Trainee: 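Sharing a structure below in structure tokens format, with a few things to ask.
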Amino acid sequence: MPELPEVETVRLDLLPAMEGARIESVVTNRADLRTAFPPGFGDRLEGATVRALTRRGKYLLAELSSNEVLVMHLGMSGSFRVDYHGRSRNPDPYYYARDTSERHDHVVFRMSNGATITFNDPRRFGFMDILSREALGERRGVGQLGPEPLSVDFDAAALARACRRRKTTLKAALLDQRVVAGLGNIYVSEALHRAHLSPRRRASTIATPAGAPRESAVTLAAAIKKVLEIAIAGRDGDRFRVYDREGERCPTRGCRGTIRRITQSGRSTFYCPVCQK
DNA sequence: CCGCGGGCCTGAGAGC
DNA sequence: TGCTCTCAGGCCCGCG
């Protein structure tokens, strides 16, 4: 379920359990997630202290006292559980349940502060990797991320520049983590709706030929920030305005349109054909 | 280089 | 009940 806001929420949940604590033990219950664990996975983590737990796009980064970085990605279905007082739901870390969701508990960290952190991921699209600090920027994925949408680096000018020569749709451009980091299928639909821009529109149309931001780029950059901020703050009231709301009335004030669902590059897009141009 | 389709996995829900 | 089918909030690879 994780796009930027969910990953940020996971980070905040993990913070008290991880930051400043030493990793006492690591158990992996299988040889791979999406990819194999790096060589010496447990040995490289055990004994290290987590100096900081940060986030870049949808990636969680545990910066270690060993000067290595533990990179964690939740894929589609990854989640973490934290249990305190040295007690996990499964007292035996090697226990591998077969008939409950616990059979997808793939990694268990025991921390010096008594926390037990369990990574669960049924579909195994998530992964963990360990890299030196310097190698981070070179790694495919994390190394190629565009600006953090909630930082000052991300604004209409940056967005326009990134979209300038894109012949794809706005939908595809915003899903591309090199354009902006952290948006996924839900928040792209939400941001475009808030900005009243059609997901089918060519990405390059938000920039002038010279690459300068048009008004639509200003609106879209602001909408992206807004949608993510609201989601992180957990203002649940109007969680998703269009996502998974095919057939419902468009929530835009004064708009009498109906939310439609279309498929773009194999994935669902929800939008209002009336107010999104 | 760019854009698209397919593949990777399992589980939930719909329809028969 | 149980089967089959579709779909799911991510990402990478290979093809044209």
Side-chain angles (χ1 to χ4, degrees), chain A residues 1-11 29-37 55-60 71-80 96-107 119-129 138-146 149 161-193 199-205 207 211 224 227-228 230-232 234 236 239-247 259 261-271:
Chain A
M1 46 163 135
E3 299 182 31
L4 187 151
E6 293 76 26
V7 177
E8 179 61 14
T9 300
V10 168
R11 187 182 77 85
N29 286 319
R30 51 175 299 136
D32 53 48
L33 296 172
R34 183 199 171 93
T35 56
F37 290 102
R55 179 191 55 71
R56 186 76 175 86
K58 300 172 198 173
Y59 294 83
L60 283 171
V71 179
M72 296 174 280
H73 196 288
L74 304 176
M76 287 280 251
S77 59
S79 65
F80 283 97
Y96 208 45
R98 291 170 51 223
D99 297 323
T100 72
S101 67
E102 290 169 10
R103 73 177 169 285
H104 300 300
D105 287 354
H106 304 309
V107 186
F119 180 68
N120 182 285
D121 185 4
R123 292 178 75 179
R124 264 181 286 125
F125 287 176
F127 66 86
M128 293 193 188
D129 198 4
E138 311 304 317
R139 192 188 196 284
R140 85 211 132 71
V142 229
Q144 297 162 250
L145 293 176
R161 228 178 299 125
C163 289
R164 182 181 174 188
R165 288 164 206 264
R166 301 235 163 206
K167 295 191 153 70
T168 8
T169 58
L170 273 179
K171 161 79 185 248
L174 294 184
L175 273 183
D176 188 331
Q177 303 298 297
R178 294 169 300 185
V179 170
V180 53
L183 293 180
N185 207 39
I186 291 179
Y187 294 106
V188 167
S189 279
E190 296 297 318
L192 287 170
H193 179 262
R200 325 166 68 138
R201 184 170 155 154
R202 256 180 190 240
S204 59
T205 62
I224 289 169
V227 155
L228 296 177
I230 291 172
I232 291 173
D236 241 21
R239 214 156 118 69
F240 305 146
R241 294 188 182 177
V242 292
Y243 185 81
D244 207 18
R245 291 188 181 276
E246 181 182 21
I259 306 302
R261 173 189 136 136
I262 59 172
T263 299
Q264 291 181 295
S265 43
R267 315 195 63 192
S268 292
T269 300
F270 298 86
Y271 78 114

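Given the structure is predicted, the values throughout are model-derived calculations rather than measurements. We name chains A, B, ... by the order of the sequence lines, and we start the count at 1 in each one.
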Trainee: For A/Phe127 and B/dC8, what is the distance between atoms CZ and P respectively, to the nearest whole Å?
Mentor: 18 Å
Trainee: As a test of reading the structure: which of C/dG10, C/dC12, B/dG3 is closest to the side chain of A/Tyr59, going by heavy atoms?
Mentor: C/dC12
Trainee: Rounded to whole angstroms, how far apart are CG on A/Leu183 and P on C/dG10?
Mentor: 10 Å
Trainee: What does A/Gly266 touch in the nucleic acid at a heavy-atom separation under 4.0 angstrom: a base, only the sugar-phosphate, or nothing?
Mentor: nothing
Trainee: Going by ring centres under 5.5 Å and near-parallel planes (under 30°), is A/Phe125 stacked on C/dC11?
Mentor: no
Trainee: Determine which nucleotide pairs with B/dC9, using a 3.5 Å limit on both distances of a Watson-Crick or G-U wobble pair.
Mentor: none
Trainee: Strictly below 4.0 Å: does A/His104 bring a side-chain N or O up to OP1 or OP2 of B/dC9?
Mentor: no
Trainee: According to a strict under-4.0 Å criterion, is A/Arg139 in side-chain N/O contact with OP1 or OP2 of C/dC11?
Mentor: no
Trainee: Taking CG from A/Asp121 and P from C/dC11, how many angstroms apart are they, rounded to a whole number?
Mentor: 13 Å
Trainee: Out of C/dC7, B/dT10, C/dC12, which nucleotide sits closest to the side chain of A/Arg123?
Mentor: B/dT10
Trainee: Of the nucleotides B/dC9, C/dG10, C/dA8, which has the atom closest to the A/Asn185 side chain?
Mentor: C/dG10
Trainee: With a 4.0 Å cutoff (strictly under), does any side-chain N or O of A/Arg261 reach OP1 or OP2 of C/dA8?
Mentor: yes
Trainee: Given C/dG9, C/dC11, B/dG11, identify the nucleotide with an atom nearest to the side chain of A/Gln177.
Mentor: C/dC11
Trainee: Taking CZ from A/Arg34 and C1' from B/dG7, how many angstroms apart are they, rounded to a whole number?
Mentor: 9 Å
Trainee: To the nearest Å, give me how far apart CG (A/Leu174) and P (B/dG3) are.
Mentor: 13 Å
Trainee: Does some side-chain heavy atom of A/His104 sit less than 4.5 Å from a side-chain heavy atom of A/Asp121?
Mentor: no
Trainee: In the structure shown, which nucleotide is the Watson-Crick or G-U wobble counterpart of C/dG9, with both distances under 3.5 Å?
Mentor: none
Trainee: Which whole-number value in Å describes the distance from A/Leu33 CG to C/dC12 P?
Mentor: 15 Å
Trainee: Kindly indicate whether the side chain of A/Thr269, heavy atoms from C-beta on, has any atom under 4.5 Å from the side chain of A/Thr169.
Mentor: no
Trainee: Which of the following nucleotides, C/dG9, C/dC7, C/dC11, is nearest to the side chain of A/His73?
Mentor: C/dC11
Trainee: Between B/dG3, C/dC7, C/dG9, which nucleotide has the shortest distance from any of its atoms to the side chain of A/Arg166?
Mentor: B/dG3
Trainee: Rounding to an integer number of Å, can you tell me how far A/Arg267 CZ sits from C/dG9 C1'?
Mentor: 7 Å
